[in-house]
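Have a look at the structure below, then the notes.
Both ligands and their constituent atoms are indexed starting at 1 by order of listing. Residue numbers count from 1 along this sequence.
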Amino acid sequence: MDARVLYVDLEPSVAADGATILEGDDNAAYLCADVRDAEAILGSAEARRLFDLDQPLAVLFIETLLYLSDSENPAYVVRSYVDRLPSGSYVGIVHFSEDEELANGLGLFSRMFGTPPAVTLRDGDRVVEFLDGLDVEDPGVVPVPLWKPEAEGLVKNPDRVPVHAGLGRKP
Ligand SMILES: C[S@@+](CC[C@H](N)C(=O)[O-])C[C@H]1O[C@@H](n2cnc3c(N)ncnc32)[C@H](O)[C@@H]1O
């Protein structure tokens with residue numbers, strides 16, 4: 001693989017398993033860190049080894065921001081990365097949307113494990129807010145199957161899939 005990737009997770013067992021899988025891969029590393037701490041992540045030894053931070057790079061929040069409540073200000077978290085990245089960098093967001101069935105599923109999960117579903121579901125307009133100040137790439141913030149319209153037919157009602165995705169480029 002030519003791409004260089006730094007994976008991040010707050011949960012030590014996830015980061016440890018990831019690091020084991022990546023053993024021997026000089027182009028990737030797994031960091032145990034909090035996504036809310038852009039300074040620690042972008043300033044880590046792993047980030048400095050993998051990336052030239054003066055060159056554009058992509059930060060992907062793939063089903064991560066839902067773990068931040070509104071009071072933790074996810075828009076500010078995204079901005080804290082954008083402010084540290086050079087022009088031409090990308091931010092990608094994938095986020096579960098507000099959906100009754102999904103909310104019910106999370107409720108079932110929390111009853112099974114006795115924990116509250118510590119996630120916040122957000123619609124596409126909230127993802128648009130998180131990409132504020134960036135040039136949003138086509139097709140915009142849309143349900144995730146619409147990023148691959150050529151796969152039409154594989155997913156029933158693709159425009160109703162409760163997961164939104166968007167990609168923004170720093171001008
Ligand atoms: C739904 S999974 C998505 C994982 C991965 N991004 C992917 O696409 O496969 C969400 C992950 O976010 C991690 N997580 C939750 N809060 C976090 C935080 N504040 N910082 C970093 N990771 C966090 C959880 O431990 C969990 O492994």
Tell me: protein heavy atom nearest [atom], and distance?
atom	answer
atom 22 (N) of ligand 1	L10 N, 3.2 Å
atom 1 (C) of ligand 1	E63 O, 3.7 Å
atom 20 (N) of ligand 1	V35 N, 2.9 Å
atom 19 (N) of ligand 1	D34 OD1, 3.0 Å
atom 27 (O) of ligand 1	D9 OD2, 2.6 Å

Checklist entry - Can you tell which of L65, I62, V77, L68 gets a heavy atom nearest to atom 5 (C) of ligand 1? => result I62
Item to check | Mutual orientation of the aromatic rings belonging to Y81 and F61 [parallel < 30°, tilted 30-60°, perpendicular > 60°] | outcome: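 Taking F61 first and then Y81, their aromatic rings stand perpendicular (interplane angle over 60°).
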Item to check | Min side-chain heavy-atom separation Y30-D17 under 4.5 Å | outcome: no
Next on the checklist: Between L146 and D159, is there a side-chain heavy-atom distance shorter than 4.5 Å?
Outcome noted: yes
In terms of atom number and element, which parts of ligand 1 are under 4.0 angstrom from non-hydrogen atoms of [X]?
X	value
Y67	1 (C), 10 (C), 12 (O), 15 (C), 16 (N)
A33	20 (N), 21 (C)
E11	25 (O)

Item to check | Between CD on residue E39 and CZ on residue R84, distance to nearest 0.5 Å | outcome: 5.0 Å
Next on the checklist: With a 4.5 Å cut-off on side-chain heavy-atom distances among I, L, V, M, F, W and Y, is there a chain of contacts connecting L42 to L68?
Outcome noted: yes
Checklist entry - Are any of the side-chain nitrogens in E46 or R49 under 4.0 Å away from the carboxylate oxygens of its partner? => result no
